[in-house]
Amino acid sequence: MGNYASIFGSVSIPILLACVLGYLYQKYKSPDSKVLADVSLFVLSPCLIISSLSESSLNGSSFGHIALFTLVQTFLCWAAAFGAGKLFRFSSPSLRAMELTTIFANSNNYGLPLLLLAFGTQGFAIGVTNVILHIVLVNTLGLYIASRSSFSPGQAVSKMAHNPLIYAAAVGLILYVFHIPLPSSLQDGFKLIGGAYAAIVLLMLGMQLKKANWRSSLRRELWIAIIMRIVGVPLLSWLTLTLLGIHGLIASVLFVQSSMPSAINSVVLMEKYGGDQELVALNVAITTVASFLYLPMIIYWSFGL
């Protein structure tokens, strides 16, 4: 239990520090956060995708199981969020925001250290592969959903086609599938630049929390979105694993990783393309705090999968 608390502390303190600095930066300087959103989406993310995919060493069978789970679980979460939003009569911006926070979990900078503690290096390797797929989905499907808050479906697809992340993912997958090594100088450069991604998005989360109207934490839409992330997503993840017949360590890792709090990336997408930024920022903050209570139960249940 002491080690568990120690790891949580080592993960939460850096996250809290970055958010506080972003909050103070917004309070005293009032910067244009759209510039940071552009840098993270169009510079940092492509470098992170290429460096991560080119270094992946997972075998094809395991990669296939993880990819299939990710696609099916993503579809179920998207359908559930869309259905709940229509049932409770969400506005279009709030619906897009809930779709993002339901589909995408904070599986990277929060999830990976947790997996290392709970499942060791084997579980960590599985988690890295899921993170790679998650990054690709966030910056393709996530971009489409976010841009739908302000654009028609055709315009949203056009925005995706002009996004360098699509082409970075294609290059990374080619490097992975054909085992093509990058020159060490290029690999180091991509890792250096991509490594700044987590820090920038955490700063942006802090900036969004400063701009958020905390009185809106009483909004019905926010708490429906939070329930979807904390309760609905674990249930849908369990259902996906059962349907696909995935068991053992891969099942445990995927169940825990998909049940993490809402992804910080959603804040970046809402900042860039508009929409219900307040709902996203408050959802990320509240589910992150709540995760300290519910994740131990999720990990305990995962050992039985």
Side-chain angles (χ1 to χ4, degrees), residues 7-19 22 37 40-41 44-45 48-49 52 70 73-74 77 81 97-119 123-124 126-139 141-142 145-146 194-209 222 225-234 236-237 253-271 277 279-296 298-299 302:
I7 292 293
F8 265 124
S10 68
V11 173
S12 61
I13 290 174
I15 291 174
L16 179 62
L17 176 61
C19 287
S40 63
L41 282 173
L44 305 182
S45 284
L48 181 61
I49 288 172
S52 299
T70 301
Q73 192 257 4
T74 296
C77 287
M98 183 170 69
E99 288 174 343
L100 286 176
T101 57
T102 301
I103 294 171
F104 300 115
N106 190 356
S107 56
N108 188 358
N109 52 301
Y110 189 174
L112 289 179
L114 183 66
L115 293 178
L116 187 61
L117 167 69
F119 304 107
F124 184 83
I126 295 168
V128 168
T129 303
N130 192 32
V131 163
I132 293 168
L133 295 172
H134 175 90
I135 291 170
V136 173
L137 273 175
V138 164
N139 294 295
L141 175 61
I145 292 171
Y197 180 78
I200 293 297
V201 296
L202 285 168
L203 287 171
M204 288 188 62
L205 175 59
M207 293 162 66
Q208 282 295 333
L209 292 175
L222 172 63
I226 288 171
I227 291 170
M228 288 293 295
R229 164 46 54 188
I230 293 178
V231 179
V233 172
L236 291 172
S237 298
V253 170
L254 292 176
F255 180 66
V256 171
Q257 202 167 23
S258 61
S259 302
M260 297 298 294
S262 299
I264 299 168
N265 318 64
S266 303
V267 176
V268 179
L269 292 170
M270 282 286 103
E271 178 65 39
Q277 300 173 31
L279 187 150
V280 170
L282 291 174
N283 186 302
V284 171
I286 293 171
T287 56
T288 299
V289 172
S291 69
F292 293 101
L293 297 176
Y294 76 79
L295 278 178
I298 293 290
I299 293 170
S302 75

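Predicted model, so just to flag it, every value in this text is computed and none were measured. All residue numbers in this chain count up from 1 along the given sequence.
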* To do: Given side-chain contact (heavy atoms from CB on, under 4.5 Å), test Val138 with Leu269 step by step and report yes or no.
  => CA-CA 9 Å; Val138 164; Leu269 292 170; 4.1 Å; yes
Flag side-chain contact, heavy atom, 4.5 Å: Thr288 against Val284 = yes
CG (Leu236) and OG (Ser259) are apart, to the nearest 0.5 Å, by 10.0 Å
So CD1 of Ile103 and CE of Met98: to nearest 0.5 Å the spacing works out to 10.0 Å
Residues Ala281 and Val267: closest non-hydrogen pair is CA-CG2, 4.3 Å
Problem set entry | Close side-chain approach of Val131 to Gln257, heavy-atom, < 4.5 Å | yes
Rounding to 0.5 Å, atoms CE (Met270) and CG (Asn265) come to a distance of 12.5 Å
Can you confirm whether Phe119 sits close enough to Val256 that some side-chain heavy atom of one is under 4.5 Å from a side-chain heavy atom of the other? yes
Q.
Main chain of Ala105, side chain of His134: is a donor-acceptor contact present, judged purely on distance under 3.5 Å?
A. yes
Correct closest heavy-atom pair for Leu115 and Gly127 would be CD1-CA, 3.6 Å
To the nearest 0.5 Å, atom OG of Ser262 lies from atom CD1 of Ile226 at 8.0 Å
Rounded to the nearest 0.5 Å, the CZ atom of Arg229 sits from the OH atom of Tyr294 at a distance of 6.5 Å
Residues at least two apart in sequence or cross-chain that pass side-chain hydrogen bond (donor to acceptor under 3.5 Å, both in side chains) with Thr102, listed by chain then number, are none
Nearest heavy-atom contact between Ser302 and Phe255 is CB-CD2, 3.8 Å
One should read off an interatomic distance between Leu282 CG and Ile286 CD1, to the nearest 0.5 angstrom, of 5.5 Å
On a heavy-atom basis, the closest approach of Thr101 and Ser266 is N-OG, 4.3 Å
Residue set satisfying side-chain hydrogen bond (donor to acceptor under 3.5 Å, both in side chains) with Thr70, at least two apart, ordered chain then number -> Asn130
Minimal heavy-atom distance between Val233 and Cys77, with the atoms involved, is CG2-SG, 4.2 Å
Closest heavy-atom pair, Gly142 versus Leu100, reported as atoms and distance to 0.1 Å, is O-CD2, 3.6 Å
*asked:* As a quick check of understanding, evaluate side-chain hydrogen bond (donor to acceptor under 3.5 Å, both in side chains) for Ser237 and Ser258, giving each step before the final call.
replied: CA-CA 7 Å; Ser237 298; Ser258 61; 2.8 Å; yes
